[in-house]
Amino acid sequence: MSYEVRTDVFDGPFDVLLRLINEQRVDLYEVRLSGIVDAYLAEMDSLEHLDLEAATEFLLIAAILVELKSRRLLPELPSEVSEDDLALLEERDYLLARLVECTTFSAAGRALSELERAAARSLPRVAGPDDRFEDLCVDLLAGIGPEHLRQAALRALSERTEPAVEVDHVLVDEVTVAEVVERLAAQLRGHSPVTFRQLTENALSRIEVVVHFLGVLELYKQGLVEIEQAETFGELVVSWSDSFGDIPNPVNPRGWLVHVDYEG
Amino acid sequence: MGFDDSSSERTSEAAIEAVLTVATDPVPPRLLAELLELPADRIESICARIAASYEREGRGFRLARVAGGYRLQSHEAYAGYVERFVLDGSPQRLSPAALETLAVVAYKQPVSRAQISAIRGVNADGVLKLLTARGYVEPVGRDAGPGQPVLFGTTSLFLERLGLDSLAGLPPLADFVPPPATVEVLEQALRPEPGV
Amino acid sequence: MGFDDSSSERTSEAAIEAVLTVATDPVPPRLLAELLELPADRIESICARIAASYEREGRGFRLARVAGGYRLQSHEAYAGYVERFVLDGSPQRLSPAALETLAVVAYKQPVSRAQISAIRGVNADGVLKLLTARGYVEPVGRDAGPGQPVLFGTTSLFLERLGLDSLAGLPPLADFVPPPATVEVLEQALRPEPGV
């Protein structure tokens, strides 16, 4: 299997994954992960400096894929869902959310390019005032000394660099899992079972749907809801768990979709 | 031709034309209103009339509303002639990676480098540098959070180059969310076992 | 209005208007003739017709024949508005981008437009036009290479405004070493062929 890896600008793990899934239409489990890894390492080598953040990101994705793959290969799995399974599902849906987001911005980028291309067919007038208005123009160099000029030259002649080290939090979307968990609990507690589709009918974006899915999983993990799915690809039915009555409040999850700490 | 216009109306049209002829950037209607001592909504309606007359007469230029102001620009119908005249050629096209980053900044601004990197799954430094050098993107402030990372936003040059009056003119991001079928494909590809 | 024109005549008029809209300097009729693939005398008569139509319609601009070429310029009848616009609406100080361009010219002169654009990562035409119009920068020669691009340098007015006796008075960039890409662009000025 061949991998088309861009050579000029590094496209990133999501693009590679998306290409594999979308263009080659392969089952990811039949993709030789080592192929992706090789392509990636080659890409890393070609970069001037090792991009630790990207490398870490890729290893994380590769690890999730390997684990998903290994589970699929196991013939028998315990019928009940374990903590580990849930954690894996969370990772999987996190990954899915990221892929959907990445796909969205790729398409948006292409649309911007189209706008630019169309706009470039109509060029602005930039000729400026005729010579006879020249005397009216103010001295644009007022207040500018040789040292200002030197600084400007240094800025212009150097590659623009911004502070490289940042400790930052990543905000994937406005809706947090924590918020959704609370909203879902209020919606479900003491009410009859609802489908996941109903729970998300007001969602504004797919990311939001995914966040709701994670919220449901979180409630499930805490034993507050039960999830039923009658058939493969069927509707997910979510119901408040009777055994707990309406006593506990849901514990706020880590909210890892909201705060992903990047160390680097 | 407007021979039924009042002469002051004709004067206002011509004064706006004169100003736009010498302007090098889009002229905000507020500034035109000050110069002509007319309310801003009158300026808007006069400009709409000028624009319509150019279109009706099949002129080689048009009056466009971009980046919050008015400017004269060549009519796209004659792009062939203009392109041959402007020998510099069009600026180098942006790579898919740069476009994707530009889209993230456009729709998520103000946004930090780390946020961009997280969405794209790859370090965004190089691409951000390119977009900044092109003048499409600029630092617009600092986040209040730890490390006070620089936040990036798009410039008015970005609006000008895309022919947009404001960011509100960007097509809605929702239009680009992949259709359910695509998400289904992604979802199934990541499915550990059928029917979880 | 010319409703008796043939449609190709209208197209020629509009094409000339489109070119003159984007032109920053007077466009010689010979060049228009090449672009439109028409004899020069036809160009002259078309331009005369355009000029007459602007005058008849009381437009705020006119088509002038200056310095061996045609250009659009604001109509003198509206000079009052243009003057106020130039005073109020045009930049009161150089933008950071313009200052950087001026600095590149000051420190690296003589440089070509293409070199400046390459260093700045953006088309420098507008800024160079402004700097030239204000008398801070001027053409100082032509490169020997293909196309013989115009080379720019700073003027004595520039030195005067900065309070310098000569270019030697510019503060040194010290041990600053530009990145390889910039060095490459600048070195092209020293070669017989600019290759830009």
Side-chain angles (χ1 to χ4, degrees), chain A residues 8-14 21 27-28 51 53-54 57 68 71-72 77 88-89 92 95-96 98-113 115-116 118-126 128-130 133 159-160 162-163 166-171 205-206 232-233 260 262, chain B residues 21-22 24 62 64 71-76 79 82 86 90 94-100 102-104 106-107 112-115 117-123 127 129 132-133 139 145-147 149-150 160-163 171 173-174 176-178 182-183 185-187 189-190 192-196:
Chain A
D8 50 348
V9 183
F10 183 52
D11 270 356
F14 299 136
I21 294 169
D27 183 337
L28 209 56
D51 184 342
E53 197 175 290
E57 183 72 25
L68 288 168
R71 280 173 187 259
R72 163 108 161 219
L77 279 171
L88 182 58
L89 279 176
R92 187 194 71 140
L95 188 54
L96 177 61
R98 304 277 296 268
L99 287 176
V100 169
E101 191 169 42
C102 192
T103 309
T104 302
F105 282 109
S106 283
R110 287 192 297 275
L112 296 189
S113 179
L115 281 178
E116 187 187 29
R121 295 181 58 75
S122 175
L123 297 182
R125 178 163 178 82
V126 292
D130 332 352
F133 298 107
E159 288 170 316
R160 283 122 220 273
E162 298 288 337
E166 282 178 12
V167 183
D168 197 2
H169 286 195
V170 178
L171 220 138
S205 66
R206 234 152 256 287
T232 306
F233 305 130
V260 180
Y262 277 82
Chain B
T21 302
V22 306
T24 53
R62 60 192 192 81
R71 76 176 178 196
L72 286 178
Q73 50 191 53
S74 63
H75 197 291
E76 49 273 19
V82 172
V86 183
S90 48
L94 293 172
S95 70
L99 285 169
E100 193 176 310
L102 184 60
V104 172
Y107 284 97
S112 73
R113 178 182 287 107
Q115 288 172 315
S117 298
I119 290 171
R120 297 211 49 247
V122 61
N123 185 307
V127 173
K129 222 177 283 175
T132 310
V150 176
E160 282 184 42
R161 287 289 158 81
L162 267 68
L173 189 58
F176 308 116
V177 174
T182 305
V183 177
V185 169
L186 294 175
E187 201 274 339
L190 296 175
E193 12 174 357
V196 170

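Proteins come first, then strands; the chains are lettered A, B, ... in the order of their sequence lines, and each starts at number 1.
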| field | Contact leader toward chain A among B:Pro171, B:Ala103, B:Ser74, B:Ala79, where contacts are heavy-atom pairs under 4.5 Å | value | B:Ser74
| field | Closest non-hydrogen atom pair, A:Leu112 against B:Ala106 | value | CD1-CB, 4.4 Å
| Should A:Phe105 and B:Phe176 be marked as a side chain to side chain contact (heavy atoms under 4.5 Å, CB included) after you check the CA-CA gap, both sets of side-chain angles, and the distance that decides it? | CA-CA 7 Å; A:Phe105 282 109; B:Phe176 308 116; over 6 Å; no
| Going from CZ on A:Arg125 to OG1 on B:Thr24, what distance comes out if it is rounded to the nearest 0.5 angstrom? | 10.5 Å
| query | Would you say A:Ser122's side chain and B:Gln73's backbone share a donor-acceptor pair under 3.5 angstrom? | reply | no
| request: Side-chain contact test, heavy atoms from C-beta onward, threshold under 4.5 Å: evaluate it for A:Ser106 versus B:Leu99 and give yes or no. | output: no
| query | Could you give the distance from CG (B:Leu173) to CD (A:Glu101), rounded to the nearest 0.5 Å? | reply | 8.5 Å
| B:Glu100 side, atom CD; A:Thr104 side, atom OG1 - distance, nearest 0.5 Å | 10.0 Å
| note | Minimal heavy-atom distance between B:Gly163 and A:Ala119, with the atoms involved, is N-CB, 3.7 Å
| B:Arg62: partners by salt bridge (charged side-chain N to carboxylate O under 4.0 Å, His left out), with sequence neighbours left out | B:Glu76
| task | Find the distance between OG (A:Ser113) and CG (B:Leu94) and round it off to the nearest 0.5 Å. | result | 7.0 Å
| request: Could you list the residues that satisfy salt bridge (charged side-chain N to carboxylate O under 4.0 Å, His left out) with B:Arg71, not counting sequence neighbours? | output: B:Glu160
